[in-house]
Structures are given as C-alpha cells and as structure tokens.
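I have placed the structure first, in the form of structure tokens, so that the comments after it can refer back to it.
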2 protein chains.
Amino acid sequence: MSPYTAASLKAELNSRGWRLTPQREKILHVFQNLPRGNHLSAEELYNLLDGRDEAISLSTIYRSVKLMARMGILRELELAEGHKHYELNQPYPHHHHHMVCIQCNKTIEFKNDSILKQSLKQTEKEGFQLIDCQLTVMAICPEALRMGWPSALPSNWSCTRVLSERMQQEHLDNEEAN
Amino acid sequence: MSPYTAASLKAELNSRGWRLTPQREKILHVFQNLPRGNHLSAEELYNLLDGRDEAISLSTIYRSVKLMARMGILRELELAEGHKHYELNQPYPHHHHHMVCIQCNKTIEFKNDSILKQSLKQTEKEGFQLIDCQLTVMAICPEALRMGWPSALPSNWSCTRVLSERMQQEHLDNEEAN
DNA sequence: CTCCTTGCAAACTATTTGCACATGT
DNA sequence: ACATGTGCAAATAGTTTGCAAGGAG
C-alpha cells in the first residue's frame, strides 16, 4: 500500500485492460497530497480540481473514484452526511472509526487498534484479505442525556456545541478547497 | 429495550409532544413480529403493509422510521445495497457486523462481542450512552484472490457464488413481502 | 486502428418537503 | 381547539447511464 506513482498506477490499470488517463492521474495526485485525515466527496474533489483549472467532469470523477476504490487504491467512507467520502487507502495506522449521536448527529472520530485486530481475525477465518474496516458507534451524547433523553427532549432539539463545530468544519472545508 | 406496547410507545411519544397514530402503531407492530435477524427498507415496509391492506404512504413510512430511530426504538442499518434498513433496536446480543468484498460485494454477517466492548469503552470515555454499533470490514474474498487480485482480474469479474446467493436472497425477500 | 474513456445531458433512486386536509390530545 | 400527523405530488440530492467524440495502447 505504498504511495502509487503514475507508472505503478498505469501498470495496475493496464493489467486489467484499463488505461491511464490524465484524469485518473490527477485524481490520484490530489489524494496523495491531501493532508492526513482529510477525505473528499465526489463533489468536493470536483470543486477542488475545478478551482485549479484542471476540471474533470463529475461523471468521470464518480467513475474514477469507484474504480479506484474497487482496485483497493482508495478507501470509501460512509459518513453521517449521507454521501460518500474517499481517501487514499493506507490501512494502518491512519484509519479511524466514528461515534455519532443519533439525537443530534454530533460525530467524534477515534482510533482503536483492537478493532483492526478483530477484523483481521474475521477475514482470516473466512479466507478474505483485509483492505479496510470501519466501526460506527451510534450513541447519545452527554448533552442529550442531560436534557433527559429518551423522553424529555423537544423534537427539534440539537446540541448547542454541534452548530458551532459544524460552522468551524465548513470553514476548514472551504479553505481546503482553495 | 424490552418490547414496546402501544401504551409505552404512546407514553414515549407524548413525553416529547408527539402523538400515537394508527400508522406508528402498525409500523412498530411489523417490526415486533419480524423474524429475528430480518430488517426492512422503507420500501419493503411499505410493500409489506400494502399487501396486508393496511397501506401507509411512503412519506409517512420514511418520517416514522426516522423518528423511531432517533428515539432509539429502531436501529438503522447501512447495508451495502445503497439504501437504509431498519429493525427493532434490541442491542445485545442480536446485533451483528458485516464483512464485504470490495471486488464483488459479497457480504458475510458475523458476530463479535469484543467489538461491542470496545464501543462501550469508547462511549464511556466520552460520556455517551451506547445505542448500537456496526463494524464494516472491507476485504477481498477468496475467489477474487484466487483470480489474482489485485492485478489480474478482468474489469467485469464477479464471484460466481455471489450471483446465485443474490437470487436466493431476492427470492426470500419476495416471500417475506407477501 | 481498436476499444476504452470522457463530457454532456438526461435518467434514476432513495429520500425529503410543501401544502391542504385529517386527527390525536 | 389546536398543534401535530398524513397523503399526495413535486422537489431534491447524490449518483448513474447513453451516446457521440476523443485518446491510450
């Protein structure tokens, strides 16, 4: 899972009858230069390239990330936001898991090596080869509990902390896209 | 997390200013009578009720399952098929995890108590209350490996076993909807 | 020079929403 | 009574696909 070069990507693609195109090379390049822990949706990747005057059509983006995920080059993340995110697949130790409040959607990332171990155990048992593993923990956050979950929470309630964090995150996302 | 009765569902709803309607009661009832290990998508739930001449509109189905998931009554499953499934939230020991081949989408369910323990550890550390946890293991199945993954696999290859299993599953799904 | 790949626009799927009417509390 | 819930149809978001033109091997 070492970093791909254009040449090794080409070899990998060609061996299955696929081709190395400028688009695929650019996409790989973006992910290789993405700060650790970051991940992009198809749309974010599109905007990022568009901003650099290296625009690639959205359909090609979708086709490429799906292909590269299937090849094991990219990792597909199912985050709470309802659309998929991608990042370079560098299994260990850069992967993390998610804990999300089912009441307000507040999400916390965490690392845990023992989960990887259990996944490995499971793949070995069935003769699979591990590529990636992701644990999602659904829970109720302290603020919701303090408000009296499950019964005493108004229907439109949301953790106060969540809003400001979301705004901060969006701010970061915007910077990153420039 | 004991089975809800119409009365306890009503209490739970009312305490947050919501109401017990025949639709919500029917939906709860369906999930309570669902064989262990089964789960329904919004559409499947719609069809099931429709077949019983107890039709509920799709939007109401969507609104209800989302509400009940947020209340902690239902559990929302993100399976590989691209749409959400729901089942009664009876945390332990009926939950399971998934291992899926990123090459052919073959999916295997498995149980593992240690994952629940790790999730519990994480929720306690952050002061959350655990509701549910789901591990997804992305891997390459033995057949794909035998075919020479990652390089020597034709672009449209799919495990032979997968197709027949899918057909069997679809067959079961159809029976269940009647 | 063949077949894969791209870009565009249109199609699609799962889900959400606006609104008028109906119904629990 | 009055706010919440329902059903319908239309809207939306994310993603996929058909097709003609372009480009890699």
Side-chain angles (χ1 to χ4, degrees), chain A residues 6-7 9-28 39-47 49-50 53-71 74 76-86 105 153-157, chain B residues 6-7 9-28 39-47 49-50 53-71 74 76-86 105 153-157:
Chain A
L9 176 62
K10 181 175 191 308
E12 190 91 357
L13 284 164
N14 290 351
S15 71
R16 301 202 223 182
W18 293 322
R19 290 166 186 183
L20 179 63
T21 62
Q23 289 89 338
R24 289 175 183 171
E25 205 174 331
K26 275 179 201 159
I27 290 173
L28 176 65
H39 37 70
L40 299 172
S41 67
E43 192 113 18
E44 285 163 348
L45 178 53
Y46 173 82
N47 290 331
L49 284 161
D50 196 38
D53 282 316
E54 305 192 294
I56 297 177
S57 80
L58 247 187
S59 5
T60 299
I61 302 262
Y62 275 110
R63 281 187 279 232
S64 300
V65 291
K66 205 175 152 193
L67 178 71
M68 289 163 84
R70 208 176 180 220
M71 291 174 74
L74 294 182
E76 194 175 75
L77 306 173
E78 292 272 8
L79 301 182
E81 299 105 57
H83 51 262
K84 289 167 185 162
H85 280 73
Y86 296 85
N105 288 321
L153 232 37
S155 54
N156 58 352
W157 179 85
Chain B
L9 177 61
K10 182 175 191 308
E12 191 91 357
L13 285 163
N14 290 350
S15 70
R16 302 202 223 183
W18 293 321
R19 293 166 185 181
L20 179 63
T21 62
Q23 288 87 339
R24 289 175 183 170
E25 207 175 329
K26 275 179 201 159
I27 291 173
L28 176 65
H39 37 70
L40 299 173
S41 67
E43 192 114 17
E44 285 163 349
L45 178 52
Y46 173 81
N47 289 331
L49 283 162
D50 196 39
D53 282 314
E54 306 191 293
I56 297 177
S57 79
L58 246 188
S59 4
T60 299
I61 303 262
Y62 275 109
R63 282 187 280 232
S64 300
V65 291
K66 204 175 153 194
L67 178 72
M68 290 163 84
R70 208 175 181 221
M71 291 174 74
L74 293 182
E76 194 174 74
L77 306 173
E78 292 274 6
L79 301 182
E81 298 106 57
H83 51 262
K84 289 167 184 161
H85 280 73
Y86 297 85
N105 289 319
L153 231 38
S155 54
N156 58 352
W157 178 86

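Both backbone and side-chain heavy atoms feed into the values below; hydrogens, waters and symmetry mates do not. Labels below follow one simple rule: chain letters A, B, ... track the order of the sequence lines, proteins then strands, and each chain is numbered from 1. Being a predicted model, the structure only gives us computed values, none of them experimental.
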Point to revise | Footprint string (nucleotides 16-25 of chain C, 5' to 3'): B base within contact, S backbone only, - free, heavy atoms under 4.0 Å | key: BBB-----BS
Point to revise | B:Ser57 side-chain N/O to D:dT6 phosphate OP1/OP2 under 4.0 Å | key: no
Point to revise | Short side-chain N/O contact from A:Gln23 to OP1 or OP2 of D:dG23, under 4.0 Å | key: no
Check your understanding: How bent is the helix from C:dC1-D:dG25 to C:dT25-D:dA1, comparing axes over its five end pairs at each side, to the nearest 10°?
Key -> 40°
**Study point:** Approximate separation, where rounding is to 0.5 Å, of B:Ile56 CD1 and B:Ser64 OG
**Key:** 6.5 Å
Practice item. Output the distance between atom NE2 (B:His85) and atom CG (B:Leu40), rounded to the nearest 0.5 Å. Key: 7.5 Å
Rounded to whole Å, please give me the gap between [atom1] in [X] and [atom2] in [N].
X	N	atom1	atom2	value
A:Tyr46	D:dT16	OH	P	17 Å
B:His85	C:dT15	NE2	P	9 Å
B:His83	D:dT15	NE2	C1'	15 Å
B:Glu54	D:dT6	CD	P	15 Å
B:Ile56	D:dT6	CD1	P	8 Å
A:Glu43	D:dT12	CD	C1'	13 Å
B:Glu44	C:dA14	CD	C1'	13 Å
A:Arg24	C:dG7	CZ	P	11 Å

Point to revise | Side chain to side chain, A:Met68 and A:Tyr86, heavy atoms closer than 4.5 Å | key: no
Check your understanding: Would a 4.5 Å heavy-atom cut-off, applied to side chains only, mark A:His83 and A:Glu43 as touching?
Key -> no
Study note, to complete from the structure: Exactly one of B:Val65, B:Thr60, B:Leu67, B:Ile61 clears side chain to side chain contact (heavy atoms under 4.5 Å, CB included) with B:Arg63, and that residue is B:Thr60
Please name the pair of heavy atoms, one in [X] and one in [Y], separated by the smallest distance, quoted to 0.1 Å.
X	Y	value
A:Leu20	A:Ala6	CD2-O, 3.6 Å
B:Leu13	B:Arg24	CD2-NH1, 4.1 Å
A:Glu44	A:His39	OE1-O, 3.8 Å

Check your understanding: Is B:Lys26 atom NZ crowded by more than 12 heavy atoms from other residues, nucleotides or ligands, each under 6.0 Å away?
Key -> yes
